[in-house]
Amino acid sequence: MIINCKQIAQDIRKNIAEQVANLKRKPGLAVILVGADPASEIYVRNKSKACKEVGFYSESISKPANISQSELLAEIRRLNADDKIDGILLQLPLPAHLDANLIVETINPTKDVDGFHSENIGKLLQNKPQLRPCTPKGVMTLLAATGVDLAGKNCVVVGASNIVGRPMAIELLNAGATVLICNSKTQDLAGKIKQAEVLVVAVGRAKMVHGDWIKSGAIVIDVGINRLDSGKLVGDVDFISAEKIASWITPVPGGVGPMTIATLLENTLTAYQNHQMREK
């Protein structure tokens, strides 16, 4: 069955909008875009639109690609001190001359709605999560929607990025699953994938995982989104062959993407609520 990711994301947004409607001060999100990467510009527009739909206050901040590191750090510090802003999102990747790790670490961890600050990752690792990375958290919401208990399940994560793969593995560990993380150097990748009762793929290679690699009845979460020469968007999993084997599968497009944005809104509301509690 195809997981109805758009509907799940829409339900989350509706719930958030209902909560925000009763608030005197609206949660505030600042999104920073450096440069003019077309894909990043689309993501930022979608995030700003989603904020407006749920009633958040939002700022979209565009900076030139040649901005100096000191100037960008100064902008982060300004937002850290702005009481209207509960969440700060720095659109990645950044131009090569900027130290993304240093800049992310400068964001106040209580406003780090991407969940990338080492303090937030550390709390996730200790199973004491605060603000969790959006895509892995969104995947956990999708897995919960299948009704499958993850405790004891064999889970395989393909991809070991700091944005998806590593925090995804921690999320699954925290749910009591047995987790194997694969990367580009993994030997017998197809054999490893065949063991998975839950498979999460996030490598950015179009249709890399074939249906005959997948265990019958597995849950397949395809985080990848790739544009073919024809212009068509496809995932990292060959959907047509995999759908016949999997018990549940996410589509591309319209799968994990909408959930990531919905989870960003959840994180921003959580950051707002935490700030309100600290002010009391």
Side-chain angles (χ1 to χ4, degrees), residues 1-21 27 29 42-43 45-56 58 87 89 113-115 124 129 131-151 153 155-159 163-165 167-172 174-177 196-202 209 214 217-225 233-237 239 242-243 245-273:
M1 293 178 63
I2 298 174
I3 302 174
N4 192 341
C5 306
K6 285 185 176 180
Q7 185 61 57
I8 297 168
Q10 189 57 45
D11 289 345
I12 290 171
R13 287 157 73 148
K14 181 181 177 183
N15 178 264
I16 292 172
E18 289 171 352
Q19 294 182 65
V20 171
L29 175 67
I42 291 171
Y43 293 146
R45 280 200 301 272
N46 288 342
K47 289 165 184 172
S48 298
K49 181 182 176 183
C51 282
K52 185 176 180 180
E53 285 179 3
V54 299
F56 284 3
S58 68
L89 185 148
V113 288
D114 251 340
L124 179 66
L131 295 173
R132 298 152 60 189
C134 294
T135 298
K137 182 184 175 189
V139 169
M140 295 303 288
T141 302
L142 295 177
L143 290 172
T146 69
V148 174
D149 184 0
L150 293 173
K153 290 286 189 292
C155 299
V156 174
V157 178
V158 185
I163 294 174
V164 181
M168 186 73 251
I170 299 168
E171 289 276 8
L172 292 166
N174 289 346
E197 295 169 281
V198 176
L199 173 66
V200 181
V201 189
V209 176
I214 295 169
I219 300 173
V220 178
I221 306 291
D222 191 351
V223 180
I225 185 160
L233 293 174
V234 299
D236 292 346
V237 177
F239 182 86
E243 185 189 10
I245 307 297
S247 60
W248 295 92
I249 189 169
T250 56
V252 177
V256 174
M259 275 305 307
T260 297
I261 293 179
T263 306
L264 169 66
L265 300 176
E266 279 187 321
N267 278 358
T268 303
L269 182 58
T270 297
Y272 166 87
Q273 292 166 338

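Please read these numbers as outputs of a predicted model, since none were measured by experiment. Atom set for the values below is all heavy atoms of this structure, side chains included, hydrogens, waters and symmetry mates excluded.
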Checklist entry - Is there a donor-acceptor contact under 3.5 Å from the side chain of Asp222 to the main chain of Asp236? => result yes
Checklist entry - Looking only at atom types and distance, does a side-chain atom of Thr135 sit under 3.5 Å from a main-chain N or O of Thr260, one as donor and one as acceptor? => result no
Item to check | With Thr146 via side chain to side chain contact (heavy atoms under 4.5 Å, CB included) - residues at least two apart | outcome: Ile3, Val148, Ile219, Trp248
Item to check | Partner set under side chain to side chain contact (heavy atoms under 4.5 Å, CB included) for Asn4, not counting sequence neighbours | outcome: Lys6, Gln7
Does some side-chain heavy atom of [Y] sit less than 4.5 Å from a side-chain heavy atom of [X]?
X: Leu264; Y: Leu29; answer: yes
X: Thr263; Y: Arg132; answer: no
X: Val139; Y: Glu171; answer: no

Sole residue of [options] in side chain to side chain contact (heavy atoms under 4.5 Å, CB included) with [X]:
X: Leu265; options: Val20, Thr270, Ile16; value: Ile16
X: Cys155; options: Leu143, Ile221, Leu172, Leu199; value: Leu172
X: Leu89; options: Asn267, Thr268, Asp114; value: Asp114

Closest approach of [X] to [Y] (non-hydrogen atoms, all atoms of both residues):
X: Asn174; Y: Leu124; result: ND2-O, 3.0 Å
X: Leu131; Y: Ala271; result: CD2-N, 4.2 Å
X: Pro251; Y: Ile2; result: CD-CG2, 3.8 Å
X: Val113; Y: Gly87; result: CG1-CA, 3.6 Å
X: Ile163; Y: Pro133; result: O-CB, 4.3 Å
X: Pro253; Y: Leu233; result: CD-O, 4.0 Å

Item to check | Audit row: Met259, Leu142, side-chain contact (heavy atoms from CB on, under 4.5 Å) steps and yes/no | outcome: CA-CA 8 Å; Met259 275 305 307; Leu142 295 177; 3.4 Å; yes
Next on the checklist: With side-chain contact (heavy atoms from CB on, under 4.5 Å) as the criterion, how do Phe239 and Ile249 come out once you've worked through the C-alpha distance, each side chain's angles and the decisive distance to 0.1 Å?
Outcome noted: CA-CA 8 Å; Phe239 182 86; Ile249 189 169; 3.7 Å; yes
Next on the checklist: I need the Lys49 NZ to Ser58 OG distance, nearest 0.5 Å.
Outcome noted: 13.5 Å
Item to check | Point-to-point distance, once rounded to the nearest 0.5 Å, from CD of Gln10 to CZ of Arg13 | outcome: 5.5 Å
Checklist entry - So Val54 and Leu269, side-chain contact (heavy atoms from CB on, under 4.5 Å) or not? Walk me through it. => result CA-CA 10 Å; Val54 299; Leu269 182 58; over 6 Å; no
